[in-house]
6 protein chains.
Amino acid sequence: MFELGVVYRHINRADRQATDALAPLGSATVHEAMGRVGLMKPYMRPIYAGAQVSGTAVTVLLHPGDNWMMHVVAEQIQAGDVVVAALTAECTDGYFGDLLATSFQARGARALVIDAGVRDVKTLTAMNFPVWSRAISSKGTIKATLGSVNIPVVCAGMAVQPGDAIVADDDGVVVVPRAQVPQTLQAARDREAKEGAKREQLAAGVLGLDMYNMREPLTKAGLRYID
Amino acid sequence: MFELGVVYRHINRADRQATDALAPLGSATVHEAMGRVGLMKPYMRPIYAGAQVSGTAVTVLLHPGDNWMMHVVAEQIQAGDVVVAALTAECTDGYFGDLLATSFQARGARALVIDAGVRDVKTLTAMNFPVWSRAISSKGTIKATLGSVNIPVVCAGMAVQPGDAIVADDDGVVVVPRAQVPQTLQAARDREAKEGAKREQLAAGVLGLDMYNMREPLTKAGLRYID
Amino acid sequence: MFELGVVYRHINRADRQATDALAPLGSATVHEAMGRVGLMKPYMRPIYAGAQVSGTAVTVLLHPGDNWMMHVVAEQIQAGDVVVAALTAECTDGYFGDLLATSFQARGARALVIDAGVRDVKTLTAMNFPVWSRAISSKGTIKATLGSVNIPVVCAGMAVQPGDAIVADDDGVVVVPRAQVPQTLQAARDREAKEGAKREQLAAGVLGLDMYNMREPLTKAGLRYID
Amino acid sequence: MFELGVVYRHINRADRQATDALAPLGSATVHEAMGRVGLMKPYMRPIYAGAQVSGTAVTVLLHPGDNWMMHVVAEQIQAGDVVVAALTAECTDGYFGDLLATSFQARGARALVIDAGVRDVKTLTAMNFPVWSRAISSKGTIKATLGSVNIPVVCAGMAVQPGDAIVADDDGVVVVPRAQVPQTLQAARDREAKEGAKREQLAAGVLGLDMYNMREPLTKAGLRYID
Amino acid sequence: MFELGVVYRHINRADRQATDALAPLGSATVHEAMGRVGLMKPYMRPIYAGAQVSGTAVTVLLHPGDNWMMHVVAEQIQAGDVVVAALTAECTDGYFGDLLATSFQARGARALVIDAGVRDVKTLTAMNFPVWSRAISSKGTIKATLGSVNIPVVCAGMAVQPGDAIVADDDGVVVVPRAQVPQTLQAARDREAKEGAKREQLAAGVLGLDMYNMREPLTKAGLRYID
Amino acid sequence: MFELGVVYRHINRADRQATDALAPLGSATVHEAMGRVGLMKPYMRPIYAGAQVSGTAVTVLLHPGDNWMMHVVAEQIQAGDVVVAALTAECTDGYFGDLLATSFQARGARALVIDAGVRDVKTLTAMNFPVWSRAISSKGTIKATLGSVNIPVVCAGMAVQPGDAIVADDDGVVVVPRAQVPQTLQAARDREAKEGAKREQLAAGVLGLDMYNMREPLTKAGLRYID
């Protein structure tokens with residue numbers, strides 16, 4: 001499952017244009033468009049509010065307390081990538097700070113998604129480099145053990161293949177398998193297209209009960225109103 | 001205890017004027033005024049800082065992963081209400097987003113208090129619709145199972161009756177039983193009235209030890225100073 | 001270990017100038033300078049973003065649900081101190097609010113670090129009085145049981161002696177033993193001095209792999225690149 | 001909601017015979033018979049495996065770190081009661097040990113259900129006095145603050161009225177409102193009566209898919225089999 | 001990633017003989033033999049102590065609060081299988097009890113590994129049907145939504161393919177990818193073969209420091225002994 | 001605070017006879033005798049029920065995922081010691097299994113107290129070697145980084161000095177500072193001596209309310225009985 005000590009240099013990235021078009025749709029719409037799957041666990045939180053990105057995953061598998069492979073993955077970053085860092089066991093240490101962020105940003109990375117901790121969050125915020133993580137911690141790491149780069153990983157409960165599309169915003173992080181990016185984009189756009197009209201109606205006081213024709217199925221299910 | 005599949009249309013709401021007057025006093029002062037009870041668990045956090053509201057509770061009981069009843073409760077909202085959503089089992093799914101918020105806001109709701117997750121928090125923040133929740137998550141829900149509306153519920157460890165007053169701010173969420181709203185308001189105001197003078201003294205360097213006459217009871221309790 | 005009911009009036013504080021010079025270096029750099037130790041658990045979070053302080057510890061040991069000793073410790077505060085509050089058992093109650101903050105600030109305290117909850121966070125933010133805590137909660141406390149002031153405590157997993165230096169920012173809280181403050185400051189400055197040049201190189205696209213000469217040790221450790 | 005400092009001496013207990021008959025049915029069957037409600041949170045665990053009890057609730061509300069009211073509630077115990085102890089804030093201290101258990105047992109209590117910690121679990125096990133709790137801890141408590149006895153409480157997320165029936169076993173703790181005990185007993189017995197035949201069929205290799213006629217609804221819902 | 005509403009009838013199972021030979025080696029030895037990977041998160045605990053099994057995975061993906069697919073997966077069980085149940089979102093409900101266990105056992109299943117809750121644990125223990133789960137809970141589930149059977153899943157943080165070997169005991173649950181079962185078995189046996197001699201030496205008082213020749217590398221790393 | 005890379009060979013152990021006499025008194029009684037302090041956090045649980053030990057602490061500080069120092073500490077064990085293992089950051093890996101237990105037991109260790117995970121718990125149970133830990137996990141560790149032996153540590157929230165007495169049983173783990181062992185033993189014995197008579201009275205139905213003369217203070221505090 002987990003090959004240790006390997007770096008895959010060539011990965012097939014999801015279609016760039018389609019991947020980029022996912023960001024403005026947001027994680028919730030994309031997740032619904034996929035059939036309510038693909039979401040990392042909700043403990044993954046952004047280090048600052050408001051960032052909304054999509055990109056192609058380059059993956060890295062790390063050991064607890066050891067960030068050596070973060071330097072190895074940096075070399076594999078291409079413009080438009082999002083680094084997805086998974087751990088072999090739970091850890092909240094600060095694997096990533098402003099120096100690595102400078103390097104990642106210089107290589108074209110759009111964000112880091114890491115199932116561990118980060119630090120220098122004030123500087124990262126000033127740099128406008130978004131991170132989704134399970135913790136914020138000053139705890140330093142060592143450089144002693146090999147993990148891997150661009151192998152399939154499990155990050156925050158979700159399987160990620162190198163090249164998959166990642167969509168992340170204030171609501172969470174969604175993984176879209178590479179092959180499903182085009183149809184997911186289409187489904188998400190369709191979904192959003194319908195939302196404008198709905199929002200208008202709801203703002204005018206129309207109830208979802210009526211707009212979605214729920215009254216009959218609710219009655220059938222046995223709902224009783226008591227005055 | 002929990003009736004399933006019922007909607008109570010008529011509830012007795014706490015006195016509007018007294019309820020509205022609780023917001024500026026804040027959750028901490030109101031909680032103290034009640035005798036240090038009534039507070040939901042501290043995992044209930046606002047989705048953005050600074051909101052401070054009070055209102056009358058309309059309650060809804062939800063099943064894990066199912067937000068059908070959120071549409072049912074929308075119809076029961078009156079201006080000045082706060083929707084209090086309880087769960088039959090722990091769940092962090094995103095039960096509520098910008099469309100439901102549009103509907104709730106159009107019906108006059110002031111806020112949502114939910115023992116589960118919400119999504120579209122960026123839009124909710126822009127809409128100025130505050131939510132106190134246990135999680136933020138893109139995870140979508142289905143519409144398949146009946147819960148109930150306006151029955152007594154337990155939300156984040158606190159029993160809530162429909163019509164009770166809710167006070168929520170950055171410090172947490174407090175439930176004031178309907179019948180106790182007037183005397184709680186009075187007690188909270190009394191409490192606050194005394195705080196101004198105290199704050200001035202403390203700012204001038206007077207110690208609480210002296211202001212509250214604690215030195216004698218501390219000595220009696222056996223406190224020893226060592227030089 | 002824990003003496004109960006005692007207040008040590010005279011403690012030896014870490015060198016003021018050296019302690020003050022730690023703040024701008026930040027918790028991550030100071031923690032690394034100490035050899036990657038000294039950090040409190042990452043559940044300790046600031047109540048607002050951006051505060052960055054250092055100061056000398058005055059310590060207080062509290063019982064669950066009882067903040068009596070917070071008034072006792074107030075008297076022992078000197079300008080430049082950071083109050084470190086430890087608990088005899090886990091508790092998230094709101095031990096500290098705007099009145100105590102007014103008093104602490106008047107006495108010259110720079111911050112509170114507390115392994116429990118705080119309240120009035122909106123006012124504390126407006127007062128610019130930073131707190132690092134494990135929780136935010138309106139829950140009030142009583143004044144019934146003696147703890148101690150200026151004894152050695154364990155706060156959020158870290159042993160703290162009165163007079164130690166505390167460094168706290170968005171990344172966490174670090175404890176520097178009094179005797180180690182000067183050499184820690186030197187080591188932290190050395191560390192930071194080197195970071196500027198590194199940051200420039202990384203921003204120019206140089207890889208950490210090359211800058212830190214990691215390629216050879218990685219190969220020795222068995223790293224394989226696959227095309 | 002929470003009256004502090006009161007002891008209700010007279011409560012209406014659920015029907016003794018019906019309450020006693022619930023124990024052998026177990027918490028899962030009773031919970032299903034109620035319509036899948038009434039269950040305390042699953043963090044409530046028995047201190048030893050195998051105990052299976054039912055009884056009528058006498059309730060006590062405690063403050064963090066203070067077990068004074070445990071002695072007050074002891075006097076209100078009648079034979080066949082289960083003491084249900086709720087807390088005004090989260091706490092894992094050891095409120096109950098072998099001395100109190102001796103007293104409770106002498107008064108006729110069948111068990112303790114407590115949303116906090118217990119201690120002396122080895123002795124309690126030897127005494128055959130079962131406890132369901134959120135924690136096991138040696139941490140001692142003080143006797144300083146008034147709570148209440150036999151008021152409505154929320155214990156481990158579930159509202160409990162004095163006199164309700166409690167069913168507890170290795171699977172958890174269920175609360176049956178007093179008025180619903182007879183019909184819940186009937187529904188639980190009906191449910192169990194059908195289980196014997198089902199178990200036999202399943203043991204013989206019959207599938208639930210066929211026994212419950214699930215194949216058609218699954219197909220209708222869109223289930224596809226792929227060879 | 002997650003196909004919903006599909007059942008794969010034909011999967012390639014890991015070699016039966018090699019899979020069966022993994023059980024007596026135990027999860028720790030197998031995990032080490034794989035290079036310290038493959039372990040599910042340690043919150044997965046057995047419902048009773050002492051069970052030690054290995055088998056081939058049939059997988060099922062479930063929605064929160066819905067156990068419909070447990071009946072669907074039952075039909076796909078073959079003798080020697082271990083059912084691995086993953087969830088689309090965190091849930092502790094009791095998805096599995098004595099009736100389903102009777103069915104699973106009749107179909108030849110050796111165990112259930114589920115990232116959710118189970119119930120009827122007393123009966124399951126008596127039946128000698130082991131379960132590794134994240135929770136024990138009476139909470140019932142509904143049968144309303146399609147998941148899938150025999151698709152790749154993530155269970156307790158670990159990716160599992162249908163047909164992989166599962167090794168579970170008191171120490172945890174390990175997943176061995178199907179193709180790696182033979183060499184993992186060999187490596188685990190080699191590892192164990194060496195342990196007997198080591199155990200004897202250590203029992204005789206020989207230190208690991210000497211047996212593993214650690215003194216020199218420790219000195220090189222800078223270890224200092226202080227008398 | 002934390003010296004890394006040092007091993008103190010000579011420590012002053014608490015009085016052997018007094019330390020040994022603490023075990024039968026148990027952690028709860030000893031903790032009370034110390035004034036309700038000294039207890040590690042309640043997440044520290046025994047790997048099997050019924051063990052009750054006391055001994056002198058030899059301490060070891062470990063890094064996450066690295067158990068190298070466990071072999072170093074083995075050499076420092078003397079008959080009657082309890083090894084107390086602290087971590088520099090949170091970790092649940094399995095640092096200790098049957099081989100190390102064989103070595104520790106051969107050296108005379110009575111138990112291990114570790115703020116991390118252990119494995120081989122079935123064998124450890126058969127060996128009758130008790131461990132108190134925060135987790136059980138097969139996860140293996142590496143041997144790469146120096147920690148220290150016999151320095152002061154913080155383990156599960158409690159400061160431990162080498163040579164302190166440790167008392168551990170089913171209720172938890174208590175640390176008695178070396179100098180306080182004799183008076184703690186005396187206080188604990190006094191406490192226990194009184195318990196026999198109390199237990200008898202309580203078993204005869206006498207209430208704690210009367211036995212401890214609580215009725216008057218309760219009335220003074222304002223307790224009201226309502227018929």
Side-chain angles (χ1 to χ4, degrees), chain B residues 25-46 49-52 157 167-174 191-192 194-215 217-227, chain C residues 3-10 47-49 65 67-77 91-94 97-108 116-127 133-151:
Chain B
L25 294 158
S27 68
T29 296
V30 170
H31 154 78
E32 289 282 355
M34 290 174 69
R36 290 191 303 118
V37 296
L39 192 68
M40 289 188 187
K41 292 201 186 270
Y43 65 67
M44 294 297 281
R45 300 301 304 143
Q52 189 152 341
V167 185
D169 58 17
D170 290 349
D171 293 338
V173 183
V174 174
R191 199 177 159 87
E192 202 187 50
K194 288 176 202 151
E195 294 211 339
K198 284 184 196 167
R199 194 175 290 108
E200 235 169 84
Q201 281 195 276
L202 294 167
V206 176
L207 287 164
L209 287 177
D210 298 311
M211 198 173 78
Y212 299 111
N213 296 312
M214 288 174 174
R215 292 194 191 274
L218 282 164
T219 304
K220 261 194 189 159
L223 191 67
R224 290 171 302 124
Y225 285 84
I226 298 171
D227 286 324
Chain C
E3 266 181 296
L4 292 179
V6 296
V7 181
Y8 285 88
R9 275 207 188 94
H10 298 297
I47 58 168
Y48 57 86
N67 81 339
W68 210 10
M69 299 308 287
M70 291 299 268
H71 292 277
V72 177
V73 75
E75 191 176 27
Q76 306 308 318
I77 294 170
C91 183
T92 60
D93 291 357
D98 65 339
L99 287 183
L100 269 168
T102 301
S103 179
F104 276 33
Q105 213 171 37
R107 308 293 294 185
V118 289
R119 58 188 193 178
D120 301 332
V121 295
K122 199 189 218 174
T123 310
L124 297 183
T125 304
M127 289 170 65
S133 71
R134 76 177 304 152
I136 293 169
S137 171
S138 287
K139 184 72 170 66
T141 49
I142 60 170
K143 296 174 205 321
T145 323
L146 294 187
S148 288
V149 168
N150 282 333
I151 63 165

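Residue numbers begin at 1 in each chain, while the letters A, B, ... track the order of the sequences.
- Put simply, the side chain of C:Thr92 does not reach to within 4.5 Å of the side chain of B:Lys41, judged on heavy atoms.
- Scanning all heavy atoms of the two residues, the minimum distance from C:Lys139 to B:His31 falls at CA-NE2, 3.3 Å.
- In terms of heavy-atom pairs under 4.5 angstrom with chain B, the leader among C:Tyr48, C:Trp68, C:Tyr8, C:Phe104 is C:Trp68.
- Annotation for C:Ser138 and B:Ala28: closest pair OG-N, 3.4 Å, computed over non-hydrogen atoms.
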Q: List the steps and the verdict of side chain to side chain contact (heavy atoms under 4.5 Å, CB included) for B:Asp170 and C:Ile136.
A: CA-CA 8 Å; B:Asp170 290 349; C:Ile136 293 169; 5.8 Å; no
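- With a 4.5 angstrom heavy-atom cutoff, C:Glu75 touches chain B via backbone and side-chain atoms both.
- Residue contact with chain C, scored on non-hydrogen atoms closer than 4.5 Å, involves the backbone and the side chain of B:Glu195 alike.
- Comparing B:Gly26, B:Pro217, B:Ala204, B:Ala49 by heavy-atom pairs within less than 4.5 Å of chain C, the highest count is held by B:Pro217.
- Interface remark: C:Asp120 contributes backbone and side-chain atoms alike to the contact with chain B (heavy atom separation under 4.5 Å).
- Taking the side-chain contact (heavy atoms from CB on, under 4.5 Å) definition, one finds that B:Ala203 meets it with C:Thr102, sequence neighbours left out.
- Taking all atoms of both residues into account, the shortest heavy-atom contact from B:Leu209 to C:His71 is CG-O, 3.4 Å.
- Considering CZ of C:Arg107 and CG of B:Leu202, their distance stands at 10.5 Å, rounded to 0.5 Å.
- For C:Thr141, the part sitting under 4.5 Å from any heavy atom of chain B is the backbone (N, CA, C, O) and nothing else.
- Contact annotation for C:Val72: both backbone and side-chain heavy atoms come within less than 4.5 Å of a heavy atom of chain B.
- Heavy-atom pairs under 4.5 Å with chain B were tallied for C:Thr145, C:Val149, C:Ile142, C:Leu100; the largest tally goes to C:Ile142.
- To the nearest 0.5 Å, atom CG of residue C:Asp98 and atom NZ of residue B:Lys198 are 11.0 Å apart.
- Of the inter-residue distances, the one linking C:Ser148 atom OG with B:Arg224 atom CZ reads 8.0 Å to the nearest 0.5 angstrom.
- With a 4.5 Å cut-off on non-hydrogen atoms, B:Leu39 touches chain C through its side chain but not through its backbone.
- Top candidate by heavy-atom pairs under 4.5 Å with chain B, chosen from C:Gly94, C:Ala106, C:Gly140, is C:Gly140.
- When the candidates C:Ala135, C:Gly97, C:Ser103 are compared by the number of heavy-atom contacts under 4.5 Å with chain B, C:Ser103 comes out ahead.
- A distance of 7.5 Å separates CZ of C:Arg119 from OG1 of B:Thr29, quoted to the nearest 0.5 Å.
- If you measure heavy-atom distances from B:Tyr43 to chain C, you find no contacts under 4.5 Å at all.
- Note that CG of C:Asp93 is 8.0 Å distant from CZ of B:Arg36, once rounded to the nearest 0.5 Å.
- In this structure, chain C has heavy atoms under 4.5 Å from both the backbone and the side chain of B:Ala221.
- Between the side chain of B:Asp171 and the main chain of C:Val121, a donor-acceptor pair closer than 3.5 Å is present.
- Within the 4.5 angstrom heavy-atom criterion, only side-chain atoms of C:Met69, from C-beta onward, approach chain B.
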